[in-house]
Protein chains: 2
Amino acid sequence: MGKKVSMAVIKRLPRYYRYLNDLLKVEVKRISSKELSERMGITASQIRQDLNCFGGFGQQGYGYNVETLYNEIGKILGVERRFSTIIIGAGNMGNALANYTNFQKRGFDLIGIFDINYNRIGQKVNGIEILHTDELDDFIKKKNVDIAILTVPSRNISEVAEKVVELGIKGIWNFSPQDLKLSHDVVVENVHLSDGLAVLGYRLKEKEENNSSN
Amino acid sequence: MGKKVSMAVIKRLPRYYRYLNDLLKVEVKRISSKELSERMGITASQIRQDLNCFGGFGQQGYGYNVETLYNEIGKILGVERRFSTIIIGAGNMGNALANYTNFQKRGFDLIGIFDINYNRIGQKVNGIEILHTDELDDFIKKKNVDIAILTVPSRNISEVAEKVVELGIKGIWNFSPQDLKLSHDVVVENVHLSDGLAVLGYRLKEKEENNSSN
DNA sequence: TAGATTGTTAATCGATTAACAATC
DNA sequence: TAGATTGTTAATCGATTAACAATC
């Protein structure tokens, strides 16, 4: 009952999942926390600690069965569950995401794309017709949409976000640099791409300074 | 010297920068750590602690001058410094990033786009002609490129990354889900978009379970 | 001056690592 | 069985929060 797993652990799960998938592909059957730790560049202790938040998936003296562990982490992440997803904002980023096949694999079904620009309406992206945002209302009510991916301009983000949560959206994946403050209780993941780029700039600059001061 | 500021602090800097920019726009002149903490949803203590890693930008009894603080954080992040940047992989994601005007503002100048597909060569994205990856070699040597944004398919990522670091690239912004293990000493920032989506799925699933168990 | 708010030290909290008994 | 490796508890490390003297 409510063990309360920390975000630090949860954020590492997709990475474990990826590494296990790679191992599966090259037909590795079993792996010890020690070997996995060397591949991933984290401590074996952390791996065991992380996994034991969710249950004892390993076996003493043997390690972990790769396929079992992969499936278990998949279950934890909810890969079995399907999430119906829409994209709002059919600009370049919306386009790129709509064509991202990985999402389908991870349990996210893209069922609609919306834009405010009439020139875009009716065009298809990855086989899905772009609808006008005026139709959002009807669409969400009819189709029971779980997640909205927001790739609209920053100035519209709060408005669009408020609207979709009122219509019953449960999760938002926000690509605008603007932080979302929402009245409703909804799960939000922010991407904030340019923040990552800023950190890259910082690290680069700092490295140069260190090098020149030696 | 080398105070060694932790990554946790550095990752918060772009967020401070954004909030200060918003305050500037609405012409707020001064702000206390307390008021900023309320807006950002973090503690005032953390704000003061974070900022003091880089110097005393505030004034007792007054708070912080918004413009000064904004500029100081900009300097720390290296906004003044220009980074010449190329995109490798002119697919949907490469396209989207090439059209992202924010990067220019943050000190990143896009000076080249490359693709392996001959059909794309010669087309322009955001005013920049797409070149074939065969020309990477010459281009990087001639133009002194700082950063490569990699939006190539996962299967090519290691190869392309190794190539650009050999040619002298100092920083990589990696959009492939594959982790990079590079022989050279180079700054890498990974985006791993689908990891973020996976976390969103987890949180959504968990919330449902909590709700239904009440 | 008195009030406000910083810069900074100390206390707390949480996350990572180490260690080892349990056990396959 | 003996060796290997987990699950788990305890120790360490680092990051966040609280507190308050310094000072604008």
Side-chain angles (χ1 to χ4, degrees), chain A residues 1-16 19-20 23 28-73 76 195 199 202-203, chain B residues 1-16 19-20 23 28-73 76 195 199 202-203:
Chain A
M1 350 162 82
K3 324 108 202 281
K4 201 65 169 61
V5 180
S6 83
M7 255 302 151
V9 175
I10 291 156
K11 281 188 182 154
R12 279 193 292 269
L13 291 179
R15 192 149 177 270
Y16 289 128
Y19 272 83
L20 289 164
L23 289 168
V28 173
K29 299 290 182 227
R30 61 167 283 273
I31 193 147
S32 67
S33 56
K34 179 153 181 292
E35 205 186 327
L36 189 57
S37 81
E38 281 156 10
R39 282 170 188 262
M40 295 184 66
I42 56 178
T43 64
S45 213
Q46 180 162 72
I47 293 174
R48 295 202 300 278
Q49 197 75 272
D50 282 356
L51 297 178
N52 275 84
C53 293
F54 304 98
F57 302 131
Q59 199 174 2
Q60 280 101 328
Y62 172 85
Y64 300 86
N65 177 291
V66 175
E67 195 176 349
T68 309
L69 188 57
Y70 175 77
N71 290 333
E72 289 293 340
I73 294 180
I76 296 164
D195 285 14
V199 172
Y202 173 88
R203 291 175 58 201
Chain B
M1 314 246 113
K3 323 108 204 281
K4 200 67 169 59
V5 180
S6 82
M7 254 304 150
V9 174
I10 292 155
K11 281 188 182 153
R12 279 192 292 268
L13 291 179
R15 192 148 177 270
Y16 289 128
Y19 273 82
L20 290 164
L23 289 168
V28 173
K29 300 288 181 225
R30 60 167 282 274
I31 192 146
S32 67
S33 57
K34 180 153 180 294
E35 205 186 325
L36 189 58
S37 81
E38 280 156 10
R39 283 171 186 263
M40 296 183 65
I42 56 179
T43 64
S45 211
Q46 180 162 70
I47 292 175
R48 295 202 299 279
Q49 197 76 273
D50 282 355
L51 297 178
N52 275 85
C53 293
F54 303 98
F57 302 131
Q59 199 174 3
Q60 279 101 329
Y62 173 85
Y64 299 86
N65 177 291
V66 175
E67 194 176 351
T68 309
L69 188 56
Y70 176 76
N71 290 333
E72 288 295 339
I73 294 180
I76 296 164
D195 286 13
V199 172
Y202 173 89
R203 291 175 57 201

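Fair warning: this is a prediction, and the values are worked out from it, not measured in the lab.
- Note that CE of B:M7 is 7.5 Å distant from OH of A:Y202, once rounded to the nearest 0.5 Å.
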Please write out the pairs of protein N or O atoms and N or O atoms of nucleotides 1-4 of chain D separated by less than 3.5 Å, giving the distance to one decimal.
none

- Query: Which dot-bracket string describes DNA chain D (Watson-Crick N1-N3 plus N6-O4 or O6-N4, or G-U N1-O2 and O6-N3, all under 3.5 Å; [ ] crossing; | other strand)?
  - Reply: ..||||||||||||||||||||||
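- The CD atom of A:Q59 sits 13 Å away from the C1' atom of C:dA22 (whole-angstrom rounding).
- A distance of 6.5 Å separates CG in B:L36 from CD1 in B:I42, rounded to the nearest 0.5 Å.
- Put simply, CG on A:N65 and CG on A:L20 are 10.0 Å apart, with the number rounded to the nearest 0.5 Å.
- For the atom pair CZ (B:F57) and CG (B:N71), the distance works out to 11.0 Å, reported to the nearest 0.5 Å.
- Protein atom CG of B:L51 is 9 Å distant from nucleotide atom P of C:dT6, rounded to whole Å.
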Would you list the atom pairs, donor with acceptor, under 3.5 Å between side chains in residues 47-54 of chain A and any protein atom, with sequence neighbours excluded?
{"from": "A:R48", "atom 1": "NH1", "to": "A:S33", "atom 2": "OG", "distance (Å)": "3.0"}
{"from": "A:D50", "atom 1": "OD1", "to": "A:R12", "atom 2": "NH2", "distance (Å)": "3.0"}
{"from": "A:D50", "atom 1": "OD2", "to": "A:R12", "atom 2": "NE", "distance (Å)": "2.7"}
{"from": "A:D50", "atom 1": "OD2", "to": "A:R12", "atom 2": "NH2", "distance (Å)": "3.3"}
{"from": "A:D50", "atom 1": "OD2", "to": "A:Y16", "atom 2": "OH", "distance (Å)": "2.6"}

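- Contact annotation: B:Y64 does not reach the phosphate of D:dC24 (side-chain N/O to OP1 or OP2, under 4.0 Å).
- C:dA15 atom C1' lies 14 Å from atom NZ of A:K11, rounded to whole Å.
- When the ring-ring contact (aromatic ring centres under 6.0 Å, His included) test is applied to B:Y70, the partners found at least two apart in sequence or on another chain are B:Y17.
- Taking all atoms of both residues into account, the shortest heavy-atom contact from B:P14 to B:K11 is CD-O, 3.4 Å.
- As rounded to whole Å, 14 Å separates atom P of C:dG7 from atom CZ of B:F54.
- Distance CG (A:N52) to C1' (D:dT5): 12 Å, rounded to an integer number of Å.
- Applying the ring-ring contact (aromatic ring centres under 6.0 Å, His included) test to A:Y19 and every residue at least two apart in sequence or in another chain returns nothing.
- At a non-hydrogen distance threshold of 4.0 Å, A:S32, A:S33, A:R48, A:Q49 from residues 31-50 of chain A come into contact with DNA chain D.
- For the residue pair B:S37 and B:A44, the shortest heavy atom distance occurs at CB-N, 3.4 Å.
- Environment of CD in A:E72: crowded, with over 12 heavy atoms of neighbouring residues, nucleotides or ligands closer than 6.0 Å.
- Residues B:R15 and A:D195 approach most closely at N-OD2, 4.3 Å, considering heavy atoms.
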